[in-house]
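I have placed the structure first, in the form of structure tokens, so that the comments after it can refer back to it.
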Amino acid sequence: MPIDVHFLARLFPALLEGAEVTVELAVLTMAICVVWGLVVALGQATRGPLGWAAGAYIQIVRNTPLLIQMYIVYFGLSLVGVPLSGFASGLLALCLQNGGYVAEIYRGGLQSVSARQYEAGRALGMRRWTLYRSVILPQVIARVIPPLANQGISITKDTSQVAAIAVMEIMKVAQVWVESSANTYDVFLAVGLIYLVLTSVISVGARVAERQLAFVS
Amino acid sequence: MNAESSLATDVTSPRPMLDMSGIVKRFGANEVLRGVSLQVARGETVVVIGPSGSGKTTLLRCVNLLEDYQQGTVAVDGEPVGYVMDRGGQRQRMAEREIAAAREKIGIVFQSYNLFPHMTVLQNIVAAPIRVRGIPRPKAEQRARDLLAMVGLSEKADAYPARLSGGQQQRVAIARALAMDPKIMLFDEVTSALDPELVGEVLAAMQQLARDGMTMIVVTHEMSFARDVADRVVFMDGGVIVEQGAPEEMFASPRTDRVRQFLKRYNDRYRI
Amino acid sequence: MNAESSLATDVTSPRPMLDMSGIVKRFGANEVLRGVSLQVARGETVVVIGPSGSGKTTLLRCVNLLEDYQQGTVAVDGEPVGYVMDRGGQRQRMAEREIAAAREKIGIVFQSYNLFPHMTVLQNIVAAPIRVRGIPRPKAEQRARDLLAMVGLSEKADAYPARLSGGQQQRVAIARALAMDPKIMLFDEVTSALDPELVGEVLAAMQQLARDGMTMIVVTHEMSFARDVADRVVFMDGGVIVEQGAPEEMFASPRTDRVRQFLKRYNDRYRI
Amino acid sequence: MKTFAPLLHSYWYLFRGAGMTVLMATTAVVPATLLGALLALAQIFGSRATRSAIVGYIFIIRGIPLLVLLTFVYYLLPLTGVDLPPFWGVVLVLACYYAAFMSEAFRAGILSLPQAQWDAAKSLGMSRRLMLRIVIFPQALRLAAPPFINLCINLIKATSLVSIVGLWELTMASREVVERTLAPFQIFLAAAAMYFCICYALALYGKYLERRVLVGH
Amino acid sequence: AQDSVLDTVLKRDKIIVATYSTSPPLAYVDDKGDLVGFEIDMAHEIAKDLLGDPNKVEFVVVQSDGRFPAALSGKVDFGLCSTTIYPDRAVRIAFTRPYIDTGNSLIARKDAAIKTIQELNDPKYTYAILNVPPAIERARQLLPKVKTLLLDSPSALFLAVKTGRATAFNIDKPIADYYEHENDDLMRLDVTGTPFAYVAQDAIFMKPGDFKWWLFLDTWVGELRYGSRYNKYQEWYQKWLHKDAPPQRAYDFNKY
Ligand SMILES: Nc1ncnc2c1ncn2[C@@H]1O[C@H](COP(=O)(O)OP(=O)(O)OP(=O)(O)O)[C@@H](O)[C@H]1O
Ligand SMILES: Nc1ncnc2c1ncn2[C@@H]1O[C@H](COP(=O)(O)OP(=O)(O)OP(=O)(O)O)[C@@H](O)[C@H]1O
Ligand SMILES: [Mg+2]
Ligand SMILES: [Mg+2]
């Protein structure tokens with residue numbers, strides 16, 4: 001398969017424009033999910049209807065394909081009179097689904113902090129919020145960074161699915177170029193490389209963060 | 001009790017520092033405490049001994065409501081902790097914030113140190129004073145350094161717990177509890193997880209504390225500590241207090257068979 | 001040593017059951033064993049004592065090559081374990097399969113039991129005899145039941161380790177090691193993780209074993225065990241054997257200051 | 001009722017698609033698991049060169065969207081002389097892709113076993129192979145079961161991408177019906193429900209395994 | 001020299017064709033689950049002409065991303081899936097002459113009250129198209145002001161307009177005709193006289209460089225449109241597009 005260098009030279013600037021949208025989507029999704037996932041995880045930890053609802057939410061979003069969720073958000077919301085843009089719909093769907101995954105990551109992190117840490121905090125007179133903020137969450141965060149980074153990588157790859165709802169991210173740009181040039185190999189090669197670069201940035205960033213946050217344990 | 005020391009309090013006060021009465025605690029059908037009552041006077045050091053499973057740990061955990069209990073009340077320095085009696089004579093659980101406040105008065109040190117691994121030694125000690133009691137950071141840090149000096153760990157202020165030996169970690173845990181200026185300190189087998197070589201340093205810190213007039217309940221298997229430091233030894237078995245008294249009397253001439261047996265087995269094991 | 005017991009062996013044989021000579025072990029730059037030589041005769045029980053970090057655990061782990069060591073050799077019953085000397089006088093590491101075979105002759109019991117949690121007690125005991133030594137299952141199970149009876153756990157054959165107390169788990173671990181019919185048994189602080197109440201049952205099993213003529217090296221802090229059971233006590237410090245001798249002599253009149261200090265501190269702690 | 005007419009006419013077609021999804025996923029999960037275990041072992045016990053080769057493999061696989069890999073590998077294979085029918089080609093790609101993730105799960109399971117278990121097995125004279133088989137694997141597999149199940153769920157959802165290389169399954173089936181009937185909501189929701197039933201059943205099984213693991217320790 | 005695909009096909013006794021299954025009325029799955037349509041009939045007819053049996057054909061259902069590599073990699077003998085001849089494409093793949101001329105339809109929401117195409121050229125409207133080059137090019141040239149929305153299936157276009165995401169959309173005329181009955185809330189804009197009325201030409205495509213194979217397929221298409229197979233062509237037009245096929249070429253031989 002000969003690589004068409006001239007073609008790639010024309011392709012790359014276009015792909016990079018798409019990559020910008022991809023990065024925006026991925027970064028926003030991660031930022032929102034880091035918070036939203038925690039909310040869901042804490043909600044799930046409570047008893048009663050809230051915990052039940054959080055659990056149901058997690059199961060539903062995790063066990064259905066993202067593409068279909070995206071469709072429902074994009075076209076469904078529009079039917080009921082809330083026409084979010086493609087970007088916003090994609091972001092919402094990505095956050096909904098990955099919020100479920102991130103919540104599970106937090107749950108694992110919370111469970112990995114031993115009950116004795118809670119007791120030690122309570123014995124010092126800490127109330128729930130102080131206990132969580134200064135004792136539990138810092139430990140949870142240090143522990144969830146590697147799985148969160150993995151999730152970040154899969155979010156980055158998942159953004160390719162918003163192509164289906166007319167967002168001009170890298171995959172959509174690629175599709176348009178494939179359509180016009182019939183040169184699937186070169187386009188997908190370039191796309192693969194760009195994703196690889198993006199995801200490596202996350203891996204490296206996570207490793208740095210992990211080292212920063214690591215307390216000697 | 002050294003009346004001149006900084007922590008010295010009025011030992012002659014009629015009101016006990018800790019007053020537990022009729023504590024009953026069940027785990028399911030298993031009645032682990034069967035109506036335990038215990039008064040500890042100001043500045044007194046009570047050592048609790050007894051066979052495994054007799055309820056010693058549970059008793060300590062009930063004092064500051066780490067375990068909930070089904071009957072009985074606890075008061076520290078005259079003020080109820082956990083439950084109050086309402087007008088109808090019914091036990092009423094206090095609000096969480098009141099319980100949290102009451103816990104500040106009670107320091108507890110566990111067998112497994114339980115330091116916060118993500119904080120340095122100093123941060124471990126100042127966290128609660130600053131966040132719970134609102135003490136300004138400089139003042140809290142000064143106090144923390146004093147306490148570290150007292151337990152002989154001044155130079156470890158900025159180390160993380162994982163870098164310390166077990167004995168050092170346990171001394172930090174003691175300093176952390178003391179930083180809240182508790183009225184009473186509870187120790188649950190704080191040397192059991194330590195290498196024999198390291199036990200001494202922790203016991204020394206506790207002995208110093210007792211000498212300074214802190215009110216203490218110490219659960220331990222270290223009989224020599226009981227002998228040298230305790231004002232009173234309490235022997236628990238099967239969820240009740242079987243016998244109590246001054247260490248000399250109890251070790252020399254136990255009144256009950258159960259204690260005699262227990263001590264004999266101990267002597268057999270540790271006599272060279 | 002009871003010459004009539006099933007495990008009895010010829011104590012008068014000139015060849016020692018275990019012969020370690022000149023063992024040097026380094027962790028990086030840290031020399032943990034500095035040329036330790038130790039012979040253990042058939043049927044002899046050697047108790048190793050010494051302060052924390054003196055290299056006791058490391059010594060035991062070197063015997064069956066759980067740790068690799070940099071100098072020296074080990075032989076069990078005259079046959080080398082781990083290293084042989086070639087014609088040129090060079091140490092040569094044996095092949096992995098030969099080492100595995102040599103390990104069968106050496107039983108070891110750890111502080112933390114290390115039972116296989118996914119197997120029942122019986123499965124824990126028969127796994128190695130069946131799969132490593134090729135003993136037919138019925139025979140292996142019969143032997144396992146005999147061993148369980150010996151350690152007093154006949155009725156727990158089908159329980160999972162998680163359901164047992166620490167003392168029970170430790171006795172199973174002993175039975176598991178014995179099931180390979182080792183020529184020598186190594187014990188590394190096997191009672192340190194146990195509740196004081198449960199220590200006795202494990203020590204009793206070990207005492208029985210010694211009485212039956214098993215060759216044993218026991219690392220322990222239980223001085224009464226050393227006193228009652230040991231044929232010889234070895235004191236280690238800083239990676240060397242500082243002093244050794246019969247327990248009565250050593251405890252009554254230690255020759256070196258280091259041992260005297262060590263025993264004094266022990267006595268101070270445990271005397272009631 | 002008219003709104004659901006498209007669904008009533010085509011539910012059997014969707015069921016067949018779901019059957020294909022399950023068939024493809026189960027066929028792919030077997031080699032993925034075997035290859036994953038092999039990679040995990042090679043990464044733990046292999047030479048330095050082997051280890052870095054595997055690390056590189058996992059890095060690349062994790063960094064590129066499945067869609068890109070699928071197109072690339074499937075359509076590049078014939079150029080190298082290997083020509084697989086679509087089903088087996090897809091199974092091959094899915095297996096290689098998920099093997100990377102599975103090996104990470106297995107490796108974590110093996111490494112999280114305490115050193116003491118290895119020591120105990122060694123000291124009983126077990127050879128490495130024997131100790132892996134009867135001591136390490138049985139425990140590591142239990143520890144790895146929950147992440148393994150999650151990966152299986154991801155794999156099932158990922159089969160929705162394979163239509164790009166001409167394989168027919170639930171997502172493709174629903175798109176076919178949608179394009180004919182213009183009833184996207186009814187059809188896609190039905191498809192989502194089918195995915196949910198398949199994946200949630202698996203998730204429940206995972207929960208059950210997880211609980212069993214906890215009891216065992 | 002390499003064997004021509006033609007030889008391979010004859011040896012194999014079967015043709016392998018890339019098609020869509022989501023593109024009514026050209027190639028789609030009917031409610032019995034069978035692959036049907038204009039292009040499907042074509043493929044069967046090719047099999048019949050080449051191998052004597054209309055059933056000696058294997059369909060590989062692809063999506064637009066996958067159709068070109070399917071042909072280039074040799075996974076299929078040729079592609080027959082609504083592929084418009086386009087110069088950039090012709091650099092990498094070979095087209096036969098076109099087998100169908102498709103015009104465009106512009107469909108708008110009735111409630112948008114748009115009468116002409118010119119009105120649509122307004123930033124307050126959104127215009128949905130497939131992400132294919134001719135449509136994109138047309139949008140750029142003819143409706144530079146309108147917001148465009150690139151979607152990847154006809155159903156998504158319909159849905160976008162029906163749910164109010166877009167005001168109007170552009171689609172191949174046969175497809176619009178097929179969906180005609182579905183939509184009373186939509187209306188067609190008149191495109192006569194505009195470039196939307198120009199025909200686009202769909203053709204069979206294959207790996208380039210195989211003259212023998214190309215010649216066969218091209219000849220076959222020529223015969224379909226203008227020669228001996230014209231009656232079939234007419235039949236399929238009636239059956240799938242409900243109208244007459246474009247006329248066979250006929251002119252006054254005496255004059256030229
Ligand atoms: N969380 C719990 N749930 C159920 N039973 C418990 C729990 N904690 C303790 N128990 C039971 O309560 C009894 C007393 O336990 P406790 O830990 O107070 O004894 P202890 O005197 O401290 O023993 P040790 O010397 O071993 O520390 C034991 O029988 C124990 O099994
Ligand atoms: N895996 C290891 N890596 C580096 N150093 C080690 C390792 N294991 C042990 N050491 C060091 O070797 C020395 C001897 O350790 P060892 O465990 O043999 O002592 P010990 O006599 O058994 O002590 P204890 O009574 O505490 O069990 C210690 O200084 C220890 O820090
Ligand atoms: Mg206790
Ligand atoms: Mg040791």
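Note on naming: letters A, B, ... go to the chains in the order of the sequence lines (proteins, then strands), and numbering restarts at 1 for each one.
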Seminar exercise, completed: Whatever's closer than 4.5 Å to a heavy atom in chain A on E/L151 counts as both
Exercise. Chain A heavy atoms under 4.5 Å from E/I136: which part of the residue, side chain, backbone, both or neither?
Worked result: side chain
Seminar exercise, completed: Note: vs chain A, highest number of non-hydrogen pairs under 4.5 angstrom among E/R67, E/E137, E/R92 is E/R92
Exercise. Is any side-chain heavy atom of A/W177 less than 4.5 Å from a side-chain heavy atom of E/P133?
Worked result: no
Seminar exercise, completed: Among residues 52-81 of chain A, those lying within the under-4.5 Å heavy-atom range of chain E are A/Y71, A/Y74, A/F75, A/S78, A/L79
Exercise. Considering residues, nucleotides and ligands other than A/R128, do more than 12 of their heavy atoms fall under 6.0 Å from its CZ?
Worked result: no
For this session: Examine whether an atom of E/A128 lies under 4.5 Å from a heavy atom of chain A, and if so say whether it belongs to the side chain, the backbone or both; otherwise answer neither.
Result: neither
Problem set entry | E/N131 backbone acceptor or donor facing A/K172 side chain under 3.5 Å | no
Problem set entry | Heavy-atom pair with the smallest gap, counting every atom of A/S89 and E/R165 | OG-NH2, 4.0 Å
Exercise. From E/R89 CZ over to A/S180 OG, what is the distance, rounded to the nearest 0.5 angstrom?
Worked result: 7.5 Å
Problem set entry | Atom CD of A/E24: over 12 foreign heavy atoms under 6.0 Å | yes
Exercise. Which one of A/D4, A/L84, A/V178 has the most heavy-atom pairs closer than 4.5 Å to chain E?
Worked result: A/L84
Exercise. Is there a side chain to side chain contact (heavy atoms under 4.5 Å, CB included) between A/V176 and E/L150 once you walk through the steps?
Worked result: CA-CA 9 Å; A/V176 171; E/L150 296 192; 3.7 Å; yes
Exercise. Do E/S64 and A/E179 get their side chains close enough for a donor-acceptor pair, meaning under 3.5 Å?
Worked result: yes
Seminar exercise, completed: Between E/L72 and A/Y185, the two heavy atoms sitting closest are CB-CE1, 4.3 Å
Problem set entry | Closest-packed option against chain A by number of heavy-atom pairs under 4.5 Å, given E/V132, E/D65, E/T83 | E/D65
Exercise. Under 4.5 Å, heavy atom to heavy atom, which residues of residues 159-170 of chain A contact chain E?
Worked result: A/A164, A/I165, A/A166, A/M168
